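Have a look at the structure below before the remarks.
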Amino acid sequence: MAHWFHRNPLKATAPVSFNFYGVAGSPAANKICNDLRTTRARLLEMFTDVTCNPEIMKSATDAYLSLLQGFISSLDGTTQENKMRFIQNFKWTDTLQGNTPSAQQDAVFELVSMAFNVAIWYTKFASRLAGKEKYIHIPRLITPAEKGRDLDPRVIDAYIIQCQAEAQEVTIARAIELKHNATLIAALSFETANFYQKADHTLNTLEPECSSKWRKYFQLKQHFYMAYAYCYNGQTLLASDKCGEAIRSLQEAEKCYSRAEALCKEYRQTKGPGTTAKPSEQLFFLKLGGVIKNTLEKCQRENGFIYFHKVPAEAPQLELKASYGLAEPVAFELPPLSEQCTAEVYATFDLTKGPKNDKAKPKEEEVRPVKEPDLKPQKDTGCVIS
């Protein structure tokens with residue numbers, strides 16, 4: 001896997017058979033159960049399939065969730081709870097909690113957990129899916145989200161902010177490659193740094209053993225993009241004949257860059273979940289150090305020969321706002337309810353005819369970690385996406 005972005009592991013889940021012995025009282029009801037089993041298995045396979053792309057993932061996701069909603073949505077036009085919602089137990093691990101699963105006998109728990117995993121897969125595929133719509137269903141859970149679990153609002157917020165920040169990183173790399181205006185690059189970098197700072201602050205009340213490594217990643221990226229902001233702000237100031245202020249801005253860029261390098265080392269040494277990124281070894285990271293050094297030397301030379309400006313003691317306040325180029329999250333929408341899921345079919349499910357004792361229940365299987373594919377980049381562009 002490419003080592004520019006930090007990635008927490010995918011959620012793992014126990015197999016689900018959807019074998020409701022005696023409950024499914026018609027061929028159509030049995031078909032829904034069989035299709036739930038096969039579409040779920042197919043979707044889980046896609047998480048580890050190196051050939052899977054966003055189109056395939058969306059198709060697999062829609063196929064499963066359109067059926068799963070038949071166990072959640074009211075099919076008779078009333079406000080009564082769907083009678084099938086609590087029939088099946090689901091087990092899922094959390095991205096920050098190792099391989100210890102949590103379980104809920106609730107189809108809504110399955111919906112939000114699977115949707116969460118799909119969103120994480122998209123981040124690993126460097127897409128821009130933001131799963132804010134999961135919030136619609138999370139309050140419906142009978143068992144509230146535990147602290148530090150994936151459905152904890154702090155964890156979800158951190159993922160959403162990370163998605164926005166990383167999508168914007170691609171915009172910055174593109175702007176630099178196309179030699180866009182230094183003011184725009186500085187503004188985009190400043191706003192991206194603020195995203196990472198916000199993500200870090202979102203996790204500051206989480207237990208250190210599960211959040212420290214992730215937070216170090218946010219911190220190193222914050223300082224890295226602050227270095228970019230000060231560097232390109234210095235170029236803007238020099239172009240405006242404010243050489244002394246430009247020097248001070250470049251000096252601050254050096255300071256932020258050095259701090260980012262130190263945080264890269266701290267990040268690698270910090271234990272915690274997820275793959276370990278290696279930003280300081282990437283061309284995009286290394287290039288910035290040279291740009292800062294060369295630009296600062298140019299400013300100092302010109303100040304010594306032309307401007308003779310006093311270098312301010314305080315770093316300039318960055319009050320930058322990007323006018324365009326900001327990443328917009330793509331809204332996630334659940335697929336429409338499957339045509340198989342009708343009130344007539346669900347009337348044939350009879351919960352009174354379920355298993356009467358524990359011996360009749362199928363054995364629950366253990367939850368095994370997801371073996372993720374190693375997605376290697378085709379070439380080094382200077383900004384590698386995992």
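Everything quoted here is computed from the prediction, not taken from an experiment. Quick note: residue numbers are just sequence positions, from 1.
Separation of the Phe285 and Phe224 ring centroids falls under the 6.0 Å cut-off. For Tyr228 and Tyr257, the ring centers are positioned 6.0 Å apart or more.
Heavy atoms from other residues, nucleotides or ligands lying under 6.0 Å from NZ of Lys293 number 12 at most.
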N/O donor-acceptor pairs under 3.5 Å from side chains in residues 96-103, not counting sequence neighbours:
unit_1	atom_1	unit_2	atom_2	d
Gln97	NE2	Gly148	O	3.0
Asn99	ND2	Val367	O	3.2

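For Thr348, the side-chain hydrogen bond (donor to acceptor under 3.5 Å, both in side chains) test picks out Ser26, with sequence neighbours left out. By the side-chain hydrogen bond (donor to acceptor under 3.5 Å, both in side chains) test, Ser280 is found to be paired with Arg268, residues two or more places apart in sequence or in another chain being considered.
Under the 4.5 Å side-chain heavy-atom criterion for Ile, Leu, Val, Met, Phe, Trp and Tyr, Val291 and Leu318 are members of distinct hydrophobic clusters. Under a hydrophobic clustering in which Ile, Leu, Val, Met, Phe, Trp and Tyr are joined whenever their side-chain heavy atoms come within less than 4.5 Å, directly or via other members, Trp214 and Phe195 fall into different clusters.
Looking at Gln219, Lys221, Lys216 one by one, the single match for side chain to side chain donor-acceptor pair (under 3.5 Å) with Asp200 turns out to be Gln219. Here the options are Glu252, Glu266, Glu254, the test is salt bridge (Lys or Arg N to Asp or Glu O under 4.0 Å), and the partner is Arg259; only Glu266 passes.
With hydrogens and angles disregarded, no donor-acceptor distance shorter than 3.5 Å links the side chain of Thr295 to the backbone of Ile292.
Using bins of under 30°, 30° to 60° and over 60° for the plane-to-plane angle, the ring pair Phe218/Tyr196 lands in the tilted bin.
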